[in-house]
Peer 1: 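Before anything else, here's the structure in question.
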There are 2 protein chains.
Amino acid sequence: MNEQIDEKLNSREIKPTAMRELVLKLMMEKLSAISLPELEEQLSYADKATLYRTLKTFEKNKLIHSINDGNGPLKYALCMDDCECEPEELHIHFSCTVCNKTYCLNEIPVPKISLPKGFNLTSVETVVKGVCANCIS
Amino acid sequence: MNEQIDEKLNSREIKPTAMRELVLKLMMEKLSAISLPELEEQLSYADKATLYRTLKTFEKNKLIHSINDGNGPLKYALCMDDCECEPEELHIHFSCTVCNKTYCLNEIPVPKISLPKGFNLTSVETVVKGVCANCIS
DNA sequence: GTTAATTTGCAACTCCGTTGCATTTATTAT
DNA sequence: ATAATAAATGCAACGGAGTTGCAAATTAAC
Ligand SMILES: [Mn+2]
Ligand SMILES: [Mn+2]
Ligand SMILES: [Zn+2]
Ligand SMILES: [Zn+2]
């Protein structure tokens, strides 16, 4: 299990420190995105700045990506194994208004948009809000 | 001109105070969205809390809507005259990575998304990033 | 005019994100 | 193995955005 984690870190050229292993492990266990404050809470012994820098490192090396769901703090989720975060790899995100969890919908690519003349597109971000499967009563 | 402004406020059942007239006037003159900090800057004599509450009142009464472009503070833009902010009236937003201005693309409706089973959709927000017409060199 | 309701101004506060700097840990050179 | 160098961590502090309580001022109702 730690094998898999170190492998993942190595594949993104991130040196596998204890802290980084812990954070990645936690993120791999969760199926929804996690924010820095949540991370602080769940790894209470860890320092905020270290966690912050860990996330930044992960993000820079495309192990994770950030999601701004317009609801509280930035959230982070694992990238797919071979992801390079290119425009064509972008997917939409779902934010549940009940449990406040945010999910990557990796199967649903971001929609194609044709802009008015003069506008030059470089990326598209789509956040869908609604009620998730768990919260439907 | 103040005629038009008071009319707009009245049509949304917002009492036309001096402060509110000023804020609405400013927003009508701008063609891009504006944030609370920018508003503070441009109406330097006005108080932050008052401006904040003015925006909240405007938003509640659907005179304006908020835009989370994932880049700094929340921005606000005027709704169309007859807008009720229903899902089918939602449009996409464009955020220029050069000048950092954000525009409503009122002509471009938010894309239709079909979610996996179990997910229940209530709204869609799409932000397109790129370079705006003014910033293309 | 007096009273009640609304709006404004000021101050304070929380939360998230970010940075400087000293200490610890890992890597490299001798 | 030891010393020098580089990288990661911990702690503390800070700044911006958003938000609230409360008193003063303004506006509306009686
Ligand atoms: Mn994602
Ligand atoms: Mn808009
Ligand atoms: Zn949910
Ligand atoms: Zn621009």
Side-chain angles (χ1 to χ4, degrees), chain A residues 2 5-6 8-10 12-27 33-61 63-77 95 100-102 127, chain B residues 2 5-6 9-10 12-26 33-61 63-77 95 100-102 127:
Chain A
N2 256 28
I5 285 168
D6 283 6
K8 239 181 155 65
L9 289 171
N10 283 326
R12 296 293 187 168
E13 293 177 336
I14 300 164
K15 287 183 217 159
T17 68
M19 202 74 263
R20 289 168 177 174
E21 287 170 343
L22 278 170
V23 172
L24 178 53
K25 182 157 176 289
L26 201 154
M27 292 189 75
I34 192 169
S35 66
L36 175 55
E38 284 174 87
L39 208 51
E40 272 181 85
E41 203 178 353
Q42 299 198 28
L43 301 177
S44 51
Y45 39 88
D47 181 70
K48 179 168 59 152
T50 304
L51 293 174
Y52 169 75
R53 286 187 273 234
T54 298
L55 289 174
K56 285 294 183 187
T57 300
F58 283 9
E59 189 181 24
K60 179 151 67 70
N61 291 31
L63 179 57
I64 65 177
H65 59 278
S66 66
I67 307 160
N68 194 310
D69 61 13
N71 200 66
L74 250 197
K75 298 196 175 78
Y76 296 87
S95 167
N100 196 28
K101 282 185 180 132
T102 296
V127 174
Chain B
N2 256 28
I5 285 168
D6 284 6
L9 289 170
N10 282 326
R12 296 293 186 167
E13 294 179 335
I14 300 164
K15 286 183 218 160
T17 68
M19 203 73 263
R20 290 168 178 173
E21 287 170 344
L22 278 169
V23 172
L24 178 53
K25 182 157 177 289
L26 200 157
I34 191 169
S35 67
L36 175 55
E38 284 174 87
L39 207 52
E40 270 180 88
E41 203 177 353
Q42 298 197 28
L43 301 177
S44 51
Y45 38 87
D47 180 72
K48 178 168 62 152
T50 303
L51 293 174
Y52 170 75
R53 286 187 274 235
T54 298
L55 289 173
K56 283 295 183 187
T57 300
F58 283 9
E59 189 181 24
K60 180 152 66 68
N61 290 32
L63 180 57
I64 65 177
H65 59 279
S66 67
I67 307 160
N68 195 310
D69 61 13
N71 200 66
L74 251 197
K75 297 196 176 79
Y76 296 87
S95 167
N100 196 28
K101 282 185 179 133
T102 296
V127 174

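Convention: sequence-line order gives letters A, B, ...; per-chain numbering from 1.
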Peer 1: Working to the nearest 0.5 angstrom, can you tell me the gap between B:Leu63 CG and B:Arg20 CZ?
Peer 2: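 Result: 10.5 Å between the selected atoms.
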Peer 1: Heavy atoms within less than 4.0 Å of DNA chain D: which residues of residues 40-51 of chain B have one? Give them sorted by number.
Peer 2: B:Lys48, B:Ala49
Peer 1: Enter the distance from A:Leu24:CG to A:Ile5:CD1 here, rounded to the nearest 0.5 Å.
Peer 2: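 One gets 5.5 Å once the value is rounded to the nearest 0.5 Å.
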Peer 1: In the structure I gave you, are the side-chain heavy atoms of B:Glu40 and B:Leu51 within less than 4.5 Å of one another anywhere?
Peer 2: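 Result yes, sub-4.5 Å side-chain heavy-atom pair found.
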Peer 1: D:dA8 C1' sits how many Å from A:Leu24 CG, rounded?
Peer 2: 17 Å
Peer 1: Between A:Met19 (CE) and C:dT25 (P), how many Å, whole number?
Peer 2: 14 Å
Peer 1: Output one letter per nucleotide in nucleotides 22-30 of chain D: B when a protein non-hydrogen atom lies under 4.0 Å from the base, S when only the sugar-phosphate is that close, - when neither is.
Peer 2: B--------
Peer 1: In whole Å, what is the span from the CG atom of B:Leu9 to the P atom of C:dT7?
Peer 2: 12 Å
Peer 1: Mark yes or no for whether A:Glu38, through its side chain, and A:Ser35, through its backbone, hold a donor-acceptor pair below 3.5 Å.
Peer 2: yes
Peer 1: Judged by atom type as modelled, is there a donor-acceptor pair below 3.5 Å linking the side chain of B:Asn68 to the main-chain atoms of B:Leu74?
Peer 2: no
Peer 1: Take atom CG of A:Leu39 and atom P of C:dC16, then tell me their distance rounded to the nearest Å.
Peer 2: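 Taking atom P of C:dC16 as the reference, CG of A:Leu39 is at 13 Å.
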Peer 1: Of the options C:dT8, C:dT18, D:dG18, whose atoms approach the side-chain atoms of B:Pro37 most closely?
Peer 2: D:dG18
Peer 1: Does some side-chain heavy atom of B:Lys75 sit less than 4.5 Å from a side-chain heavy atom of B:Ser66?
Peer 2: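 The answer is no; the side chains never approach within 4.5 Å.
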Peer 1: Separation of A:Leu22 atom CG from D:dG10 atom P, in whole Å?
Peer 2: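 To the nearest whole Å, that distance equals 11 Å.
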Peer 1: Output the rounded distance in Å from CZ (B:Arg20) to P (C:dG9).
Peer 2: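 Rounded to whole Å, this separation is 12 Å.
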Peer 1: Return the nearest nucleotide to the side chain of B:Tyr52; candidates are C:dT19, D:dT9, D:dT19.
Peer 2: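 So the nucleotide nearest the side chain must be D:dT19.
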Peer 1: A:Met27 vs A:Tyr76, test: side-chain contact (heavy atoms from CB on, under 4.5 Å). Steps then yes/no.
Peer 2: CA-CA 9 Å; A:Met27 292 189 75; A:Tyr76 296 87; 3.9 Å; yes
Peer 1: Whole angstroms only, please: what is the OH-P distance between B:Tyr76 and D:dG18?
Peer 2: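 Atom OH in B:Tyr76 sits about 6 Å away from atom P in D:dG18.
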Peer 1: In this structure, how many angstroms lie between the C1' atom of D:dT20 and the NZ atom of B:Lys56, rounded?
Peer 2: 13 Å
Peer 1: To the nearest 0.5 Å, what is the distance between CE (A:Met19) and CG (A:Asp47)?
Peer 2: 9.0 Å
Peer 1: Is it the case that atom NZ in B:Lys101 sees more than 12 heavy atoms from other parts of the structure closer than 6.0 Å?
Peer 2: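 Result for NZ/B:Lys101: open.
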